[in-house]
Amino acid sequence: MSFIADRLNRILPSQTIAITQKARALKAEGRDIISLSAGEPDFDTPDFVKQAAIRAIQNGETKYTDVAGTMPLREAVAARLNADFDLDYRAEEICVSTGGKQVIYNVMVATLNAGDEVIIPAPAWVSYPDIVSLADGTPVVVQTTAENGFRLTADQLRAAITPKTKWLMLNSPCNPTGAAYDEHHLKALTDVLMEHPHVWILTDDMYAKLMYEGAVAKTFVQVEPRLRDRTVTMNGVSKAYAMTGWRIGFSAAPVELTRQLIKLQGQSTSNPCSIAQAAAKEAVSGPQDFIGEMVSVYEQRRNLVVSMLNEAPGLSCAKPEGAFYVFPSIEGTLGKTSKGGHLIDSDEAFVTALLDETGVAAVHGSAFLTPGYFRISYATSTELLKEACTRIQQFCQGLS
Ligand code: GLU
């Protein structure tokens, strides 16, 4: 439509959101739907966090705050990041935004000029390339492989860097694969980045607390402190604290860039919700032990889902290190026809037929820039997961 700006015609609706909404609508129509499409914890926000929000309302904390968030929250965020990753961020380097998505959006809009390149290892979260395009940048998608654990290698990074590269955008543990970069993997990348001083790093650590088998997530600046002055360390409360709807994300970045992010945010949304900020402050500075309890439940679900999916003919599913996603390959189902008469000629056809015939909603790999796979979020009850995986097994058994 010519009335609409070119920049909007460059992007697609978010597929994770579109499929989740479709599943919700089918459910409202009375269909028996199990949605494994949204990356959203099924756990409720902890009560002590809710109480902080209620107190904030009662205390009249219902006005504008500083654009970058209240000072107590910025201090608490810096302290949390410093404790978790052994860093030394100060409150003035923190900008609090309306979810992690706005952090990424702000960073890209604040820094990209037309033609600037952003390296995005795929599979990647659906919104990365579109946010880059909205900000006039050029996404440079580098396909990682299952053989390399869906991790970007040093050689791939080196080959992708050009004089126009402005950012490497990296997400560990990764949405949609759950793959995490340990210290050794990150060091291989930071060595390359040290050779290219013009490249900045946006590290999306949103899932860092969701690591399994006792592993502890690392972040870029921790592994290579000399990258501190060209790294944005991004995180938020959505996943680790089961607070998706509160919309609080944050960046830790050099003061000069943080000032620009605040300038941009001050001319768009201003401060994130004052009540959500009070809740987030309690989340990051209060007791953290409930996270360990959530993680052990997620780990059991991961093991269950991986083993059940690997029993489904035509699917093969790696066991990821973190987050709450698995990303199975559908290669062995391609070219077959389902009992309901759907020809499975792509990952999109697979998830469409699966939803239609079994009521299980998942997101096709192409939405994450990697055809031939699909993403399941296992942030849902164990009972529902068992039922969903049973339906997936039956669906795959019915292919001929
Ligand atoms: N990050 C979540 C997901 O990937 C939430 C939906 C979205 O914003 O994409 O499903």
Side-chain angles (χ1 to χ4, degrees), residues 20 24 27 34-66 69-85 91 94 96-103 173 175 205-212 214 216-217 234-250 271-302 304 322-325 377-386:
T20 304
R24 216 178 273 143
K27 212 169 181 169
I34 305 177
S35 181
L36 307 181
S37 51
E40 168 161 76
D42 58 316
F43 294 101
D44 197 8
T45 301
D47 198 56
F48 74 92
V49 174
K50 290 182 184 172
Q51 292 306 323
I54 291 166
R55 278 198 308 277
I57 295 173
Q58 286 167 342
N59 293 342
E61 292 171 38
T62 54
K63 313 282 190 199
Y64 294 131
T65 70
D66 287 351
T70 65
M71 202 33 94
L73 175 56
R74 294 168 80 192
E75 280 165 358
V77 165
R80 179 83 268 138
L81 293 175
N82 295 344
D84 287 349
F85 299 109
I94 308 295
V96 185
S97 299
T98 303
K101 222 175 228 174
Q102 193 188 17
V103 173
N175 173 5
D205 299 346
M206 193 57 93
Y207 297 91
K209 288 195 181 287
L210 309 183
M211 294 281 290
Y212 305 120
V216 176
M234 176 223 147
N235 214 314
V237 295
S238 293
K239 315 293 178 177
Y241 300 92
M243 293 177 68
T244 46
W246 302 77
R247 310 308 303 132
I248 295 290
F250 32 81
N271 63 272
C273 167
S274 59
I275 299 150
Q277 287 190 57
K281 191 212 157 250
E282 198 64 27
V284 298
S285 56
Q288 304 287 301
D289 40 328
F290 69 95
I291 299 175
E293 291 159 24
M294 272 188 339
V295 166
S296 70
V297 174
Y298 284 142
E299 184 172 329
Q300 286 164 22
R301 291 177 182 169
R302 174 197 68 160
L304 170 84
F324 42 54
Y325 305 107
S377 161
Y378 55 85
T380 197
S381 77
T382 307
E383 199 188 6
L384 277 178
L385 283 172
K386 270 190 196 148

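Since we're looking at a predicted model, the values are computed, not measured.
- Closest heavy-atom contact between Ala278 and Ala52: O-CB, 4.0 Å.
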Exercise for review: Give the C-alpha distance, both sets of side-chain angles, the deciding distance and a yes or no for side-chain contact (heavy atoms from CB on, under 4.5 Å) between Met211 and Val295.
Suggested key: CA-CA 7 Å; Met211 294 281 290; Val295 166; over 6 Å; no
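- Remark: Tyr298 engages Phe43, Phe324 in a ring-ring contact (aromatic ring centres under 6.0 Å, His included) (not counting sequence neighbours).
- Residues forming a side-chain contact (heavy atoms from CB on, under 4.5 Å) with Asp44 (at least two apart in sequence, or on another chain): Lys50.
- Here the closest heavy-atom approach between residue Tyr378 and residue Gly322 is recorded as OH-O, 4.3 Å.
- With rounding to the nearest 0.5 Å, the separation of CD in Glu299 from CG in Leu210 is 11.5 Å.
- Counting heavy atoms from C-beta outward, Gln51 and Ile54 have side chains that approach closer than 4.5 Å.
- Not one N or O on the side chain of Thr98 forms a donor-acceptor pair closer than 3.5 Å with the backbone of Arg247.
- Of all non-hydrogen atoms in Ile248 and Pro272, the two that sit nearest each other are CD1-CB, 3.8 Å.
- One distance of note links CD1 of Ile34 with NZ of Lys27; it measures 8.0 Å at 0.5 Å rounding.
- Under the salt bridge (Lys or Arg N to Asp or Glu O under 4.0 Å) criterion, Asp289 pairs with no residue at all, not counting sequence neighbours.
- A donor-acceptor pair under 3.5 Å is formed between the side chain of Arg301 and the backbone N or O of Thr380.
- Judged by distance alone, the side chain of Asn235 and the main-chain N or O of Asp205 form a donor-acceptor pair under 3.5 Å.
- The shortest heavy-atom contact between Ala323 and Pro173 is N-CB, 3.7 Å.
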Review point. Where do Asp66 and Asn271 land on the side-chain contact (heavy atoms from CB on, under 4.5 Å) test, with the steps shown first?
Key: CA-CA 6 Å; Asp66 287 351; Asn271 63 272; over 6 Å; no
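- Annotation: the span from Glu61 atom CD to Lys281 atom NZ amounts to 10.0 Å, rounded to 0.5 Å.
- Nearest heavy-atom pair across Ala78 and Ala91 is CB-N, 4.1 Å.
- Rounding to the nearest 0.5 angstrom, the gap separating the OG atom in Ser377 from the CG atom in Asn175 is 8.5 Å.
- Atom CD of Gln102 is separated from atom CZ of Phe250 by 14.0 Å, given to the nearest 0.5 angstrom.
- Atom CZ of residue Arg55 and atom CD1 of residue Ile57 lie 11.5 Å apart, to the nearest 0.5 angstrom.
- Listed by chain and residue number, Thr65, Pro72, Leu73, Gln277 satisfy the side-chain contact (heavy atoms from CB on, under 4.5 Å) test with Thr70 (two or more places apart in sequence, or in another chain).
- In terms of the salt bridge (Lys or Arg N to Asp or Glu O under 4.0 Å) criterion, Lys386 has no residue partners (sequence neighbours excluded).
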Exercise for review: Start with the C-alpha distance between Ile94 and Leu81, add both sets of side-chain angles, then the distance that settles side-chain contact (heavy atoms from CB on, under 4.5 Å), and finish with yes or no.
Suggested key: CA-CA 10 Å; Ile94 308 295; Leu81 293 175; 4.3 Å; yes
In a table with atom names and distances, give each donor-acceptor pair under 3.5 Å that connects a side chain of residues 238-246 to protein atoms at least two apart or in another chain.
residue: Lys239; atom: NZ; partner: Gly39; partner atom: O; Å: 2.6
residue: Lys239; atom: NZ; partner: Tyr207; partner atom: OH; Å: 3.4
residue: Tyr241; atom: OH; partner: Gln288; partner atom: OE1; Å: 2.6
residue: Thr244; atom: OG1; partner: Glu40; partner atom: OE2; Å: 2.5
residue: Trp246; atom: NE1; partner: Thr45; partner atom: OG1; Å: 3.1

